Visitor: 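Here it is: the structure, laid out below.
Counting from 1, the numbers follow the sequence of the chain as shown. Note that the structure is predicted; figures quoted are calculated from it, not measured.
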Amino acid sequence: MVHIIENPPIPLATPIYEGMKAHSSVEIHGDVFQGPQGGFTVEFPTKNGVALHISVRMGSYGQNVIVFNHLARGRWHREEHHHNNIVFGRPFCMKIHNEHHKYSVHVDGHHIGHYHHHKCPKKIVALTVRGDIRVGKIHFENFKHHNGGGTEVVMPVAVAPTPVVVAQAPPPIMVPPPQMVVQPVMQPMMQPMVQPMYPNIQPIVYPTATPVIYTQPEVIYMDGYHHHHRHHC
C-alpha cells in the first residue's frame with residue numbers, strides 16, 4: 001500500500017501510526033530554494049526524542065553537507081556528515097528506507113549513507129519537514145496504517161499470467177470419399193413366355209390304301225375316225 005501526500009504546506013508534521021516496520025520507506029519529492037534557513041530538515045520524532053534527524057545544509061554557513069543525527073535523553077549525539085548532491089532550484093527525490101538495523105538514505109538514486117538505529121523505529125510517531133524547501137509529494141510505502149491526510153493508493157500486484165494450455169487438435173476425421181452408387185438398370189420385365197398347351201393330338205392313321213394297279217394305257221389308233229382299241233395287259 002502507498003500513501004501519498006501532495007503539495008503539503010511547510011513546515012509539515014504528519015502522524016505515523018505504530019511506527020516504521022522493516023522495509024518501510026518514505027520518499028520526499030521537492031526542490032530547495034535560497035532562504036533564511038540555509039537548507040531544510042527532515043525528522044522522525046518519537047515521544048521523547050528523535051529517531052532520525054537529516055539536515056541538508058546548502059553552504060550558507062560554510063557547510064554543503066547532509067548530516068545524520070538523533071536526539072535521545074534530551075541531547076543530540078555526534079553528527080555524521082555525508083556528501084550533498086542537492087542543487088538549488090533542481091528537483092530531487094530523497095528516499096529514506098528502513099532496514100533491519102539501520103536507515104538507508106538515497107538522493108536521486110545515489111546512496112548517500114546509512115544510519116544505525118539508536119531508537120526503535122516502531123516508536124516513531126510522526127514525520128516533520130521544515131526549512132527552505134517546496135515539497136511536491138511524499139510517498140509512504142509499506143506502512144501498516146494510512147497515515148494522516150493525503151491519498152491512499154493501492155499498488156498493483158504482479159500476478160503471473162495464467163498459462164494458456166493449448167489443447168492438441170483432435171485427430172482429423174477421415175471422411176470416406178463419396179461412393180459411386182450405380183443404380184442397376186432395370187431391365188424391362190419380360191413377360192414369361194407361355195408355351196401354348198396343345199392337346200394331345202392323336203396321330204391320324206390313314207388306312208393303308210389298296211395299291212391301285214394301273215394297267216397299261218389303252219392306246220387308241222385313229223384311223224379315219226374309226227377307233228381301234230388295243231388293250232395292254
Side-chain angles (χ1 to χ4, degrees), residues 1-33 35 37 39-58 66-72 76 80 82-87 90-159:
M1 183 180 71
V2 175
H3 168 233
I4 300 176
I5 298 176
E6 294 184 314
N7 302 312
I10 303 299
L12 166 70
T14 184
I16 293 177
Y17 302 108
E18 299 189 25
M20 290 181 70
K21 62 181 181 178
H23 305 298
S24 295
S25 63
V26 175
E27 289 185 7
I28 300 172
H29 298 257
D31 65 279
V32 184
F33 58 89
Q37 302 295 322
F40 67 94
T41 300
V42 176
E43 289 181 342
F44 292 90
T46 63
K47 289 183 178 180
N48 56 3
V50 177
L52 176 61
H53 165 92
I54 301 175
S55 176
V56 179
R57 300 172 184 174
M58 299 298 295
I66 296 178
V67 177
F68 297 161
N69 204 342
H70 74 282
L71 177 66
W76 291 102
E80 295 184 6
H82 300 275
H83 174 70
N84 179 15
N85 60 349
I86 297 176
V87 178
R90 188 180 71 186
F92 71 92
C93 173
M94 175 182 286
K95 181 175 181 178
I96 302 104
H97 183 71
N98 182 34
E99 299 178 357
H100 289 289
H101 302 290
K102 61 185 182 293
Y103 305 101
S104 180
V105 180
H106 292 73
V107 174
D108 294 335
H110 300 287
H111 184 247
I112 300 301
H114 62 265
Y115 192 70
H116 287 280
H117 293 164
H118 295 278
K119 297 178 72 71
C120 179
K122 293 182 180 180
K123 295 182 178 180
I124 292 173
V125 296
L127 165 69
T128 65
V129 181
R130 62 183 184 272
D132 305 327
I133 181 175
R134 287 179 290 263
V135 176
K137 57 186 175 181
I138 302 176
H139 288 218
F140 295 85
E141 185 172 354
N142 199 26
F143 280 79
K144 190 172 182 179
H145 295 282
H146 177 181
N147 298 315
T151 304
E152 181 178 352
V153 179
V154 178
M155 298 298 290
V157 178
V159 179

Visitor: Hey, what do you get for CZ (R90) to CG (D31), rounding to the nearest 0.5 Å?
Guide: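 Result: 11.0 Å between the selected atoms.
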Visitor: For S25, what residues pass the side-chain contact (heavy atoms from CB on, under 4.5 Å) criterion, not counting sequence neighbours?
Guide: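 In terms of side-chain contact (heavy atoms from CB on, under 4.5 Å), with neighbours along the sequence ignored, S25 is linked to K95, H97, E141.
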Visitor: Closest heavy-atom contact between N142 and A22?
Guide: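 Nearest heavy atoms, N142 then A22: ND2-O, 3.6 Å.
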Visitor: Do the ring centers of H100 and H23 come within less than 6.0 Å of each other?
Guide: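 Yes: the rings meet the under 6.0 Å criterion.
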Visitor: How far does OG of S24 sit from CD of E99, to the nearest 0.5 angstrom?
Guide: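 The OG atom of S24 sits 12.0 Å away from the CD atom of E99.
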Visitor: Should K137 and I5 be marked as a side-chain contact (heavy atoms from CB on, under 4.5 Å) after you check the CA-CA gap, both sets of side-chain angles, and the distance that decides it?
Guide: CA-CA 5 Å; K137 57 186 175 181; I5 298 176; over 6 Å; no
Visitor: Given side-chain contact (heavy atoms from CB on, under 4.5 Å), test I133 with Q37 step by step and report yes or no.
Guide: CA-CA 10 Å; I133 181 175; Q37 302 295 322; over 6 Å; no
Visitor: Quick check for you: to the nearest 0.5 Å, what is the distance between I4 atom CD1 and F140 atom CZ?
Guide: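 With rounding to 0.5 Å, CD1 (I4) is 10.5 Å from CZ (F140).
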Visitor: Identify, with sequence neighbours excluded, every residue that meets side-chain hydrogen bond (donor to acceptor under 3.5 Å, both in side chains) alongside N69.
Guide: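 Scan of N69 (side-chain hydrogen bond (donor to acceptor under 3.5 Å, both in side chains), adjacent residues dropped) gives none.
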Visitor: Let me have the donor-acceptor pairs involving side chains of residues 116-126, under 3.5 Å, with sequence neighbours excluded, atom names and distances please.
Guide:
unit_1 : atom_1 : unit_2 : atom_2 : d
H117   : NE2    : N98    : OD1    : 2.8
H117   : NE2    : K102   : N      : 3.4
K119   : NZ     : N48    : OD1    : 3.4

Visitor: Answer yes or no: is there a side-chain heavy-atom contact under 4.5 Å between L12 and T128?
Guide: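 No, their side chains stay 4.5 Å or more apart.
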Visitor: Step by step, work out the side-chain contact (heavy atoms from CB on, under 4.5 Å) result for V67 and R57.
Guide: CA-CA 8 Å; V67 177; R57 300 172 184 174; 3.6 Å; yes
Visitor: Among residues at least two apart in sequence or on other chains, which ones pass salt bridge (charged side-chain N to carboxylate O under 4.0 Å, His left out) with D108?
Guide: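 Listed in chain order: nothing, the list is empty.
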Visitor: List the residues meeting side-chain hydrogen bond (donor to acceptor under 3.5 Å, both in side chains) with T41, not counting sequence neighbours, and say none if there are none.
Guide: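 None.
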Visitor: For a 4.5 angstrom cut-off between non-hydrogen side-chain atoms, does N7 reach V135?
Guide: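 Counting from C-beta outward, N7 and V135 never come under 4.5 Å.
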Visitor: Return the set of residues passing ring pair (Phe, Tyr, Trp, His ring centres under 6.0 Å) with F33 (not counting sequence neighbours), or none when no residue passes.
Guide: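 Not a single residue meets the ring pair (Phe, Tyr, Trp, His ring centres under 6.0 Å) criterion with F33.
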Visitor: Does W76 reach the side chain of H53, with side-chain heavy atoms less than 4.5 Å apart?
Guide: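 Contact flag for W76/H53 side chains = yes.
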Visitor: Evaluate the criterion ring pair (Phe, Tyr, Trp, His ring centres under 6.0 Å) for residue pair H29 and H139; output intermediate values, then yes/no.
Guide: CA-CA 8 Å; H29 298 257; H139 288 218; 5.3 Å; yes
Visitor: Apply side-chain contact (heavy atoms from CB on, under 4.5 Å) to E80 and list each qualifying residue two or more places apart in sequence or on a separate chain.
Guide: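 Checked E80 against side-chain contact (heavy atoms from CB on, under 4.5 Å); matches are F68, R78, H82, Y115.
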Visitor: Once salt bridge (Lys or Arg N to Asp or Glu O under 4.0 Å) is applied, what residue pairs with a partner in residues 9-21 remain, sequence neighbours excluded?
Guide: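 Sorted pair list: E18-K144.
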Visitor: Would you give the length of the straight line joining atom CD1 of I96 to atom OH of Y103, rounded to the nearest 0.5 angstrom?
Guide: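 Taking CD1 in I96 and OH in Y103, the distance rounds to 10.5 Å.
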Visitor: Tell me every residue that passes ring pair (Phe, Tyr, Trp, His ring centres under 6.0 Å) with H101, counting only those two or more places apart in sequence or in another chain.
Guide: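 H101: no ring pair (Phe, Tyr, Trp, His ring centres under 6.0 Å) contacts found.
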Visitor: Does I138 reach the side chain of E27, with side-chain heavy atoms less than 4.5 Å apart?
Guide: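 No, their side chains stay 4.5 Å or more apart.
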Visitor: Report the residues that fulfil side-chain contact (heavy atoms from CB on, under 4.5 Å) with H111, sequence neighbours left out, ordered by chain and then residue number.
Guide: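 Once residues adjacent in sequence are excluded, the partners of H111 under the side-chain contact (heavy atoms from CB on, under 4.5 Å) criterion are S104, H106, H114.
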Visitor: Working note: V107 + I86, criterion side-chain contact (heavy atoms from CB on, under 4.5 Å); need CA distance, chi angles, decisive distance, verdict.
Guide: CA-CA 8 Å; V107 174; I86 297 176; 3.8 Å; yes
Visitor: Under the ring pair (Phe, Tyr, Trp, His ring centres under 6.0 Å) test, which residues partner F40, sequence neighbours left out?
Guide: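 Counting only residues at least two positions away or on another chain, F40 forms a ring pair (Phe, Tyr, Trp, His ring centres under 6.0 Å) with F92.
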Visitor: What I'd like to find out is whether the side chain of V2 reaches to under 4.5 Å of the side chain of F143, using heavy atoms alone.
Guide: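 Side chain of V2 against side chain of F143, heavy atoms only: no contact under 4.5 Å found.
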Visitor: By the salt bridge (Lys or Arg N to Asp or Glu O under 4.0 Å) test, which pairs, at least two apart or in different chains, include something from residues 124-133?
Guide: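 Residue pairs passing salt bridge (Lys or Arg N to Asp or Glu O under 4.0 Å), neighbours aside: E43-R130.
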Visitor: Where do P8 and G136 come nearest, in terms of heavy atoms and distance?
Guide: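 What the structure gives for the nearest pair is CD-O, 4.3 Å.
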